[in-house]
**Q** 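Take a look at this one; I'll ask things after.
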Amino acid sequence: MSSTALQPARGTHDLIGEEHRRHRRVVEAARDIAARYGFEEWATPVFEDTRVFSRSLGETSDVVTKEMYSFTDRGGESVTLRPENTAGVCRALVSNGLTQSNLPRKVFYAGPMFRYERPQKGRYRQFHQIGIEVLGAAEPLADAEVIACGWHIQQELEIAEGTVLEVNTLGDRPSREAYRAALVDYFTRHQDRLSEDSRLRLGKNPLRILDSKDPGDQTLMDGAPTIHDHLTAEAAAFYAALRRHLDTFRVPFRENPRIVRGLDYYNHTAFEFVTDRLGAQGTVMGGGRYDGLVEQMGGPPTPSVGWAAGVERLSLLLEAAGLTPSAPRPAVVVPVGDAAEPQAIAILQRLREAGLVAEMAYRGNLRRRMERANRIGAAAAVILGEDELARGMAIVRNLDDGTQAEVRLDAVIEALAETDVEGALEAAMADELEEGFEAMLGEEEEPDDR
RNA sequence: GCGGCCUUAGCUCAGGUGGUAGAGCGCCAGGUUGUGGUCUUGGAUGUCACGGGUUCGAGUCCCGUAGGUCGCCCCA
């Protein structure tokens, strides 16, 4: 690469070839499964008024304090590239006047998110998330269904064996405040044994000390109070109901009282699907309940629950499991001699109209075209020499086993159905159905002839 | 934002203690103007990430910058 060649901006990456196919597989599987659960897809703007995020994510969260891509536009407004999409979806619910009717609203989304961070494998400045939100449901059954849907998507992607669901409760507001006070009390008494980072957290966000990776901090955890000692009866009942529903949905999970989640808007349910296969980026899907967020956007109280998942991370799991989708295999139409080209184009288009993936090179002799066919992974070649065309015939060659046969032009699709050409089998079957239908119509006409 | 390691052809990588570059794969052309994969012959790969320094001489040593990677922070 020449030194004058432009590089992608730091933390961004191009999705090309296999990587793009994995990416698309993740999004399409999620979209498909979420639709089965009754979620409708929304697309909200990639940038929003900065207050959408500063108001919702918590003034002390890292995302707000140091990771936002914010800038002032030409009109003097402060706008921010979305670092996540839950806040945007809640804003959209309110902006579009959807808070009064038809609740709960079940929303699926997929798209790019932006955080100014130091890039690593599985962590980028522009990355992609899929997510679902149930807006306007206070029942723990909604939490369980949201989690079940996430689990189902991972099963559909065949990566569910590699992840573990960890759940926790953050309680309601009284539970959380009591717990926070107890934690501050405990860690203040042992301040001398806390790491430097955690001493800072003590003043800012004491809950975060719980998932510190510092070995010294870890030794303090066993004696630390847990949220479960401070749950109100209502919060405890909510959590118990969630676990019961998860069992009913047959979603395996592990309780982890240390899960706290980074964004301030969560209450009650908090959960993460984690894996040990992605190094430091172990969280593959994470979410929880956020009963106060819509209100913060200027709407009425609208209890809600959802999750977001990193497409890049799910894609890495697909790659590691050898589950990269293969590219569709085309049929290649090969005219021999210039005079054959017009008829070859007619046949090429007929194949495409029938639903097959078909290609024809723009130039080259037979040998070159065959080489190219092989290179692009074609499953079959339809060879059209002037000799064959004069007899209304074509050669259909299976490029996997090297066998070939001369067939009538109207039997080309049928012959391609014997190969791995994408769409050929379906096209041939559809053709048969049509013929069968025509035959039935023909029989029905017989009585009139009598 | 902090620390470790890394950066040589399109890709994966060799290049003891300094003497101005190599392999495999891939690519292009021929053997083969009606048959791809296999085989065979030939060909082009490059500011050795960038900038500076030491030296007669730097891919090699030193400093800085950028990017990547691993970890911390945090998170998808």
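Chain naming here is simple, since letters A, B, ... match the order of the sequence lines and numbering starts at 1 in each.
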**Q** Using purine N1 to pyrimidine N3 plus N6-O4 or O6-N4 for Watson-Crick, or N1-O2 and O6-N3 for G-U wobble, both under 3.5 Å, which nucleotide pairs with G1(B)?
**A**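 The answer is C72(B), by the H-bond criterion.
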**Q** If you only use heavy atoms from C-beta on, which nucleotide in U35(B), G3(B), A76(B) is closest to the side chain of R118(A)?
**A**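 For R118(A), the side-chain atoms sit closest to G3(B).
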**Q** Could you state the atom-to-atom distance from CZ of R372(A) to P of G36(B) in whole Å?
**A**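 It is 16 Å, rounded to the nearest whole Å.
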**Q** Taking a pair as Watson-Crick or G-U wobble with both distances under 3.5 Å, which nucleotide is matched to A29(B)?
**A** U41(B)
**Q** Spell out yes or no: do the side chain of E272(A) and the base of A76(B) have one donor N/O and one acceptor N/O closer than 3.5 Å?
**A**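 Such a pair does not exist between side chain and base.
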**Q** Looking at U35(B), does its base get a donor-acceptor pair with the side chain of E371(A) below 3.5 Å?
**A**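 Absent.
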**Q** Any protein N or O atoms within reach of nucleotides 40-44 of chain B? Criterion: under 3.5 Å, listing atom names and distances.
**A**
none

**Q** Whole angstroms only, please: what is the CG-P distance between N85(A) and A76(B)?
**A** 13 Å
**Q** Donor-acceptor pair under 3.5 Å: do we get one between N374(A)'s side chain and the base of G36(B)?
**A** yes
**Q** Within the modelled atom types, does a donor on one side and an acceptor on the other bring the side chain of R115(A) and the base of C74(B) under 3.5 Å apart?
**A**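 Such a pair does not exist between side chain and base.
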**Q** Nucleotides 30-34 of chain B: which of its N/O atoms have a protein N/O under 3.5 Å away?
**A**
{"unit_1": "U32(B)", "atom_1": "O2", "unit_2": "R367(A)", "atom_2": "NH1", "d": "2.6"}
{"unit_1": "G34(B)", "atom_1": "O6", "unit_2": "D387(A)", "atom_2": "OD1", "d": "3.3"}
{"unit_1": "G34(B)", "atom_1": "O6", "unit_2": "D387(A)", "atom_2": "OD2", "d": "2.6"}
{"unit_1": "G34(B)", "atom_1": "N1", "unit_2": "E388(A)", "atom_2": "OE1", "d": "3.0"}
{"unit_1": "G34(B)", "atom_1": "N1", "unit_2": "E388(A)", "atom_2": "OE2", "d": "2.9"}
{"unit_1": "G34(B)", "atom_1": "N2", "unit_2": "E388(A)", "atom_2": "OE2", "d": "2.4"}

**Q** Can a side-chain donor-acceptor contact be found between S78(A) and D49(A) if the only test is distance below 3.5 angstrom?
**A**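 No, no side-chain donor-acceptor contact under 3.5 Å.
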